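Working notes for the structure below.
As a basis for the values below, the full set of heavy atoms in this structure was taken, side chains included, without hydrogen atoms, waters or symmetry mates. Every chain is numbered from 1 and lettered A, B, ... according to where its sequence line falls, protein lines coming before strand lines. Being a predicted model, the structure only gives us computed values, none of them experimental.
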2 protein chains.
Amino acid sequence: MKTRMLHAMLPAGLGEEPARWQQQKSARTRLRLVEAAIDCLVEGGYSRLTTQAVAERTKASRGSMHHHFPTRMELVAAVVEQVFYERMRLFLDDYLSNLARSSEAEMLEIATAAHWRSVHTREYAAYLELAVAARTDPELDGFFGPAARRYDEVWIGEMIESFPQWRDQWEQMKLASDFVSNVHMGMLLQHPVYGEARTQRMHKLTNEVLRLIYAHKFGV
Amino acid sequence: MKTRMLHAMLPAGLGEEPARWQQQKSARTRLRLVEAAIDCLVEGGYSRLTTQAVAERTKASRGSMHHHFPTRMELVAAVVEQVFYERMRLFLDDYLSNLARSSEAEMLEIATAAHWRSVHTREYAAYLELAVAARTDPELDGFFGPAARRYDEVWIGEMIESFPQWRDQWEQMKLASDFVSNVHMGMLLQHPVYGEARTQRMHKLTNEVLRLIYAHKFGV
DNA sequence: CATAAAACAGGCAGAATTGCCGGTTAATGA
DNA sequence: TCATTAACCGGCAATTCTGCCTGTTTTATG
């Protein structure tokens, strides 16, 4: 399940295991801290992602935290990297494994279903928190924005690799991808209001639109 | 520009001016506080909506704040009411005034353009902050969720009044409304990544889909 | 083995927020 | 007019979070 594109945005300390014990341990605790920070983010929102909450959760001392992440923002930056990487990795794992045991006719439904699942992961919840927080926090946006655009480029690359059926109509594919991404985000956020029935209708509509895009019924 | 539906969710203290001077003054400062709170929300996010920031902004004392809103949450609750009300009021004002000087053929484009504009108001920015914060704050969700559902009901009622063209196909109209609402939310949040060109393509696609829904090309 | 470096522990001061309280001024109505 | 109610003022303690600081233990290296 290795992909070149995705590998290009591997977060620091998540690559091959270093030989030395100390660096290995360091990378391990670093990852524990980042994962705990993501939990805080998902459970309490951006403002509750606090250094001391992370320290408590991982049973780490304040000093150890300061050693790995001198400021809160550096921790948040690491969270951003981790979240983008894991979000795409999880989607690709899900999609590609489901794709294996399916016919080509179901391709679109398989993909949208996988994307809809990916939108319910804690990584996507974290992404949402960060995206909204970045709207009002210039410092966060300073590295979130570029990371998001980098993620988008890699995403497009992965889509091209993963959807050979769309060859020679990549503009349509990108349109379809943007479309699903946008609709699903809105559906997720408004689900508490719209409820299950209207969400299902939206799914049906989404798939029909995708079929039309695929059949060149919509210009780009 | 008065509508019965909208009037049903008028926030406290925004109705007719009370006769007594004291109550009038009270309502005035109350509104000032709520508006300042919305500014804080839009500029700094939910976590920067603090009682003292609001007090500073309105030049009110901490004591006066406490008199009107004993706790921060009561202030937030007032903000929720105000935001939902103003959001819909502004959209209806915009849409209905633009609708007056246009042909019926352009109806769909007029409506989507108005909705897209409404998504760029500070009221929508505030709504977004609240919606995301409510996902991780049960206390906020306790009154935000119900308010959002109330808003949705009123919204449907207003749409039925405002779109006589969709008579006898209200299910399609609701589908179209949900669709635009979802897509535009995603487009807004991902605009920093997708940029202007891809956003324009999405607008084009959206309008084409709406035409098909209107022409009964999509089942409900 | 000895020294350096890295990882970890825990405490402290300053700033920011929140809720609350006693006091003050202005208006309302009998 | 005068007691009562409403609006407003400013300060206090408790809490929380951040950044920094001084030690201590563990690991690497000459």
For A:L49 and D:dT18, give me the distance from atom CG to atom C1', rounded to whole Å. 13 Å

Protein-nucleotide distance (B:H66, atom NE2; C:dT17, atom P), rounded to Å: 19 Å

Starting at CG of A:L75 and ending at C1' of D:dG19, how long is that distance when rounded to a whole Å? 14 Å

Sub-6.0 Å ring centroid separation between A:F84 and A:F144: yes

One should read off an interatomic distance between B:R198 CZ and B:Q190 CD, to the nearest 0.5 angstrom, of 9.0 Å

Which whole-number value in Å describes the distance from A:Q52 CD to C:dC12 C1'? 14 Å

Can you confirm whether the side chains of A:Y95 and A:S118 place a donor and an acceptor under 3.5 Å from each other? no

Donor-acceptor side-chain pairing of A:Q52 and A:E56 below 3.5 angstrom: no

Report the nucleotide, chosen from D:dG19, D:dC8, C:dT18, that has the shortest atom-to-atom distance to any side-chain atom of A:T71. D:dG19

Does A:T51 make a side-chain N or O approach to OP1 or OP2 of D:dC17 shorter than 4.0 Å? no

Distance flag, aromatic centroids of B:W155 and B:F91, threshold under 6.0 Å: yes

Whole-Å distance separating the CZ atom of B:R62 from the C1' atom of C:dG19: 8 Å

Does a side-chain N or O of B:T50 approach OP1 or OP2 of C:dA16 to a distance below 4.0 Å, or not? no

Check the distance between D:dG10's P and B:H67's NE2 and give it to me in whole angstrom. 16 Å

Establish, with yes or no, whether the OP1 or OP2 oxygen of C:dA7 is under 4.0 angstrom from a side-chain nitrogen or oxygen of A:S64. no

Could you give the CD-to-P distance, from A:E56 to C:dA9, as a whole number of Å? 14 Å

Starting from the 5' end of DNA chain C, give me the residue, B:R72 or A:S61, whose nearest nucleotide shows up first. A:S61

Counting the atoms with a prime plus P, OP1 and OP2 as sugar-phosphate, which does B:H68 contact under 4.0 Å by heavy atoms, base, sugar-phosphate, or nothing? sugar-phosphate

What is the separation between atom CE on B:M65 and atom P on C:dG19, rounded to the nearest whole Å? 10 Å

